[in-house]
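Order of the sequence lines sets the chain letters (A, B, ...), proteins ahead of strands, with each chain counted from 1.
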Amino acid sequence: MAARQPTNIVRSSTLTLIVLMVAAMVIVGGLLVGAKPLPPEAAFKALFFPDGKIDSILVWTLRLPRSLAAFIAGAGLGVSGYLLQVLTRNPLAGPDLTGVTSGAVAPIVYCFVFFPSLSSVFYPLVGLAGGLAAAFVTFWISRGGRGRPLHLALGGISVSLFLGALTTYILLLSGSQAPSLLFWLTGGFQGRSWTQLAYMTPWVLVGAVGALAVQRVVGLLMLSEEAAAGMGLRLEIWKPLLLLLAVLPVAGVAPIAGPVAFVGLAAPHITRLLKPSGPGWTIVTTAALGGLILVAADVVARSVAVPKELPVSVITALIGGPVFIYLVQRRSISL
Amino acid sequence: MVMNTSLNIGRNPGSTWLLAISAVFALLSLVLALFLGVVDIPASDIGAVLTGHGSPEAQSIIMDIRLPRILTGVLAGIHLAVAGLLLQTITRNPLADPSIMGVSQGATLSVTVFLVFTVYSGDPGSNTLAALPVEWLPAVGMLGGLVAGGIIYLLAFRLDLGPLRITLCGIAIGAVLHALAIGLMAGWGSSRIEILLEWLSGSLYARSWEHAEFLFPFTVVGLAVLPLVRRPLDLLRFEAPVARSFGLAYRRQFSIVLLLSCSLAASAVGAVGPVVFVGLVIPHLACFIAGKRFTLVLPLTIALGAIVVTLGDLIGRLIGQADEIPLGVVAALCGVPVLIALLRKMP
């Protein structure tokens with residue numbers, strides 16, 4: 001198999017390493033920019049010798065955790081999008097278009113408004129249940145996700161519109177909480193702390209590591225379902241499992257970052273252009289790239305309109321929308 | 001699959017009856033909406049109000065609150081339903097709808113921009129809230145919807161995409177516009193969030209005569225133009241080359257119908273906010289009832305648009321009482337099962 005050739009492994013690992021290094025550079029660069037720009041030497045001093053003064057607070061409690069959160073969230077969304085695309089064999093699939101995102105968001109908003117006593121620790125579980133339910137409905141509508149891409153897109157957008165109408169209504173009922181909920185609904189990492197990063201990371205890790213663990217299955221499913229079944233793969237077990245793995249990161253990310261549009265769609269496609277070898281490396285590269293995209297979007301979001309912040313979802317939508325249209329207009333995708 | 005509007009011109013006696021029945025139903029739903037509400041007004045009083053002799057209280061409830069609200073709803077319902085029928089025909093996609101194709105999201109974005117940037121009167125530094133120019137909302141919303149339609153048009157013809165790909169692009173554009181609107185709302189809209197959310201939930205709450213007056217010219221012009229595009233509509237159901245071989249100026253007619261559909265949808269969204277699924281479900285309902293009698297589909301679509309929105313709003317008013325459920329939510333709740341059934345049936 002091509003994936004086993006050492007040159008390919010060298011190439012793929014170099015590729016991943018480069019993406020990770022760029023992401024690290026963006027994170028470090030992101031320490032400098034913001035409402036109060038830091039000169040590089042002050043940032044380095046604060047980073048390596050924190051002294052509890054303003055600079056090190058900026059670096060250690062504000063900028064570093066939020067950038068890392070953005071990276072982890074982007075990685076999770078990327079892996080999720082990749083798994084959904086493999087699962088549905090549909091290039092347009094992603095957490096947004098399969099309804100997973102709005103499925104995770106709507107019940108969280110509901111709990112926030114009507115069960116304020118519920119600890120936010122449980123929000124990922126609530127999001128997981130909602131995301132899975134919405135994904136099942138979308139998949140059921142589009143015949144196990146094997147329908148045409150148009151089918152899945154329409155099913156997913158219908159589920160999202162429906163949940164969106166409910167979310168708006170709940171917001172309307174929430175009264176004074178509406179502004180803070182809306183702020184969360186725009187997706188973003190402002191004020192995200194180490195604690196929140198720690199809440200989110202396990203969910204993303206389980207999804208990503210799980211995906212890596214079953215990469216052989218992913219590879220078989222990429223060929224075709226018939227081929228996979230012919231090679232003895234038990235689809236009725238593996239497909240739900242992959243769906244679960246795909247929803248886990250979104251469930252973890254949504255309570256912290258809110259719905260972040262289009263990253264899950266765009267990251268796997270950009271990865272494919274880089275041609276990593278085999279599903280394993282694709283997963284790793286997609287995760288790194290998704291993280292890079294979201295970190296960069298976050299840095300842009302908090303530095304272009306200082307002292308205001310743009311919601312990060314605005315940036316990702318402006319990147320992801322054109323990617324989507326580019327994919328749609330390619331004749332190679334049969335609708 | 002929709003929609004053969006006039007190839008089959010057989011007028012059979014059943015059609016007249018069907019139209020008469022749907023007209024009666026439309027009237028009944030209007031009367032029902034007029035009579036029922038949170039405040040109980042006896043039927044005799046309503047009769048008195050309509051002849052100009054009611055008590056001042058009944059007079060104001062009927063004439064200033066219920067009647068304009070019902071009329072706005074009727075016109076918006078007709079707009080959305082017809083817009084959906086037209087979109088479904090030209091995109092050859094039985095599931096096209098203004099809220100799926102990004103028209104509603106365009107309207108949402110422009111209304112958000114408008115509300116956010118008219119917040120403070122005079123210089124940006126002053127903290128006095130400006131008087132809210134709500135009467136502008138329908139026009140502003142309509143403008144945004146048309147711009148979204150324009151983007152769809154440009155993509156369709158610049159990239160020469162087929163109708164189905166246009167639908168998908170509409171979805172993407174809708175998502176981007178929606179993200180921008182929500183972002184703007186959260187970042188800058190804090191003082192206007194209640195108004196925005198109220199509008200965003202698609203509701204007929206507090207709609208006045210101005211709203212009905214705003215919609216009326218579009219209804220008249222839109223419905224007047226419809227008979228003129230009947231033959232093009234028949235041909236637009238085919239692939240572009242086939243339609244051209246019938247002598248259709250495909251691109252021009254496509255644009256005209258798209259513009260017609262977007263102006264109807266956008267004006268409705270401007271007046272009542274984004275109401276999902278009405279434009280999607282009603283043409284199908286009309287086809288379901290009319291069967292193969294295609295001349296009936298359009299009039300039935302119009303009648304059902306009026307009926308469904310009126311009843312949907314009435315249900316929301318009655319169930320929620322003082323905290324009424326917005327039309328948009330009722331429409332989403334009722335529409336989604338129909339939509340799922342349609343999607344499951346789709347080839």
Most heavy-atom pairs under 4.5 Å with chain A, out of B/G328, B/P326, B/G202, B/P274, belong to B/P326
Which bit of A/V312 comes within less than 4.5 Å of chain B, counting heavy atoms only: side chain, backbone, both or neither? neither
Counting C-beta onward and ignoring hydrogens, is there a side-chain heavy-atom pair between A/L154 and B/N93 closer than 4.5 Å? yes
Any non-hydrogen side-chain atom of A/V137 less than 4.5 Å from a side-chain atom of B/I340? yes
Toward chain A, the part of B/I166 with a non-hydrogen atom under 4.5 Å: neither
Taking A/W140's backbone N and O only, do any of them form a donor-acceptor pair with B/R344's side chain (distance below 3.5 Å, no angle check)? yes
Can you pull out the residues in residues 162-172 of chain A with any heavy atom less than 4.5 Å from chain B? A/F162, A/A165, A/L166, A/T168, A/Y169, A/L171, A/L172
Greatest number of non-hydrogen atom pairs under 4.5 angstrom with chain A, of B/L339, B/V275, B/L280, B/I325, falls to B/I325
So, the side chain of B/R165 versus the backbone of A/V328: is there a donor-acceptor pair under 3.5 Å, distance only? yes
By number, which residues in residues 174-183 of chain B have some heavy atom less than 4.5 Å away from chain A? B/A175, B/V176, B/A179, B/L180, B/I182, B/G183
Look at atom CZ of A/F115 and say whether more than 12 heavy atoms of other residues, nucleotides or ligands are closer to it than 6.0 Å. no
Once you round to the nearest 0.5 Å, how far does CG of B/D97 lie from CD1 of A/I157? 10.5 Å
Given the rule in the side-chain contact (heavy atoms from CB on, under 4.5 Å) test, do B/I173 and A/I325 qualify, once you have shown the distances and angles that lead to the verdict? CA-CA 9 Å; B/I173 293 164; A/I325 290 174; 4.1 Å; yes
Residues A/F262 and B/A172: closest non-hydrogen pair is CZ-O, 4.3 Å
So, taking the atom named CD1 in B/I171 and the one named OG in A/S158, what distance separates them when rounded to the nearest 0.5 Å? 8.0 Å
Heavy-atom distance under 4.5 Å to chain B: side chain of A/A261, backbone, both or neither? neither
My understanding is that only residues two or more places apart in sequence, or in another chain, count here; which of them pass side-chain contact (heavy atoms from CB on, under 4.5 Å) with B/S261? B/A83, B/L86, B/L87
Who wins among A/L181, A/L161, A/L318, A/V314 for the most heavy-atom pairs under 4.5 Å with chain B? A/L161
For chain B, which residues from residues 290-301 of chain A have at least one heavy atom closer than 4.5 Å to it? none
Check each atom of A/L310 against the heavy atoms of chain B and say whether the ones under 4.5 Å are side chain, backbone, both or neither. side chain
